[in-house]
Amino acid sequence: MRIAMISEHASPLAVLGEEDAGGQNTHVAELAAALVGEGHDVRVYTRRDSATLPEAVSTLDGYQVCHVPAGPPRRVPKDELLPYMGEFGSWLADTWRRGDWTPEVAHAHFWMSGLATVHAGRRTGVPTVLTYHALGTVKRRHQGARDTSPPGRIGYERALGRAVDRVVVQCEDEVRELVRMGVPRSRMALVPSGVNQAVFRPDGPVAPRDPARPRILTVGRLVERKGFLDVVRALPAVPDAECVLVGGPPADLLPADSFARRLHTLAESCGVADRMKLVGAVPREEMARWYRSADVLVAAPWYEPFGLTPLEGMACGVPVVGTNVGGIADTVVDGLTGDLVPPRDPRALGTAIRRLLTDKLRQFAYATAALDRIRSRYSWKRCAEQLGAVYTTLATVARPAPAVA
Ligand code: UDP
């Protein structure tokens, strides 16, 4: 089947860890590769953010990445890309209409991609699917006035839920949120992300570590909602352990990063600065080494649309202490594959980490159960199969004649 994936700001080719590059980039790259593995013909459309990028490149994984000339040919923060989505959608429609490659289904990632995709779908008759990855209602609830989303995001997301042919949701929490927004449950298909188990596995090289100290690992973009400040506040309750944070800008740019400086100041005032280590961005292919070096992975976001890092840690055989939010509440089974604590509660977090680090038997039991869970439920192959079934039902449904541009 010919499948278009539209991911306006999150390119599968981007370097991860920086502010707008994280789980969605990984998701699109892995899903595209898995769909190719199922025999599909896949093209990923992402915004051209550099004057020098060629229009289309092929990846080693067998899909093509097409760089759409919409908006300025430079990096623009994702929240400022809305004005270019009409141009993006028109470019898609023109390209698909030219007829040398017209998709049988178009799957948009993130609401802005959804706008461009619906625009193109209406003009070409191509059925549309949307994965939100994150919801404006949740962001507004947690970030209030600091939410930099364009005004109108929530209204657009609500309308998109009815405009696309199918909404792909990633966790139960997202289902509840969308139902509250008025998106009918019957339009949704629940298909969680996977994890690359050839890369994230228990055996393999390990990043250097101090054998005398238990290691807590936490991973993510250096943004407040990832809860890293709560992890620092939890550290006094876990004497002796070192905490390694992977993510953010490359290591040489960390001293200039305002959030990294905030973390450092807090670590000093909590008396844990000597046990807190910021590594900066790590290339995707080196992530497994860092997971394997840890005794526990901590994922402490205030909210999390899905959360790939707990899956990656579990696939490497590392027990997880996570907050009971979003996708983490589905992927980590409390008391069986890890521990769940309330978000923004450093005391509960510290207690759970200390209890786990002092109980080798529990660590082993969690890690073993987590591996079983990953192997039986969270492969990209399974995700691609489930999505393939969704796409097939849409592509075979008769469509009204497309609107004339
Ligand atoms: N990641 C990476 N290098 C880094 C930091 C993160 O490759 O330095 C990857 C990480 O392995 C995961 C993704 O970025 O695949 C983060 O995804 P998650 O869903 O946890 O968070 P998001 O960025 O989507 O909020």
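As the structure lists them, so they are numbered: ligands from 1, and atoms in each ligand from 1.
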What atoms of ligand 1 come closer than 4.0 angstrom to any heavy atom of [X]?
X      : result
Met287 : 2 (C), 3 (N), 4 (C), 7 (O), 11 (O)
Thr309 : 20 (O)
Val246 : 8 (O)
Gly307 : 19 (O)
Arg221 : 22 (P), 23 (O), 25 (O)
Gly247 : 5 (C), 8 (O)

State, without any angle test, whether Gln24 and Ser7 hold a side-chain donor-acceptor pair at a distance under 3.5 Å.
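Looking only at side-chain atoms, Ser7 and Gln24 do form a donor-acceptor pair, the distance falling under 3.5 Å.
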Would you call Ala281 a ligand 1 contact, heavy-atom distance under 4.0 Å?
yes
With a 4.0 Å cut-off on heavy atoms, is His133 touching ligand 1?
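It does not; every heavy atom stays at 4.0 Å or beyond.
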Pairing of [X] and [Y] as salt bridge, 4.0 angstrom limit:
X      : Y      : answer
Glu242 : Arg213 : no
Arg209 : Asp295 : yes
Asp79  : Lys139 : yes
Arg382 : Glu385 : no
Arg187 : Asp165 : no

With rounding to the nearest 0.5 angstrom, report the OH to CH2 distance, Tyr132 to Trp111.
11.0 Å
At what distance, to the nearest 0.5 angstrom, does CE of Met287 lie from CZ of Phe200?
6.0 Å
Could you check whether the rings of Tyr303 and His142 sit parallel, tilted or perpendicular, using 30° and 60° as the cut-offs?
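Plane angle under 30°, so parallel.
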Out of [options], whose heavy atom is nearest to [atom]?
atom                    : options                       : answer
atom 18 (P) of ligand 1 : Leu308, Val195, Ile328        : Leu308
atom 21 (O) of ligand 1 : Glu30, Arg225, Lys226, Glu286 : Lys226
atom 13 (C) of ligand 1 : Ser193, Gly23, Ala14, Pro305  : Gly23

Which bit of Glu312 is near ligand 1, meaning a heavy atom under 4.0 Å away: side chain, backbone, both or neither?
side chain
Region of Thr26 that comes within reach of ligand 1 [heavy atoms, distance under 4.0 Å]
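Under 4.0 Å from ligand 1, Thr26 contributes side-chain atoms alone.
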Does any N or O atom in Val282 lie less than 3.5 angstrom from one in ligand 1, N or O only?
yes
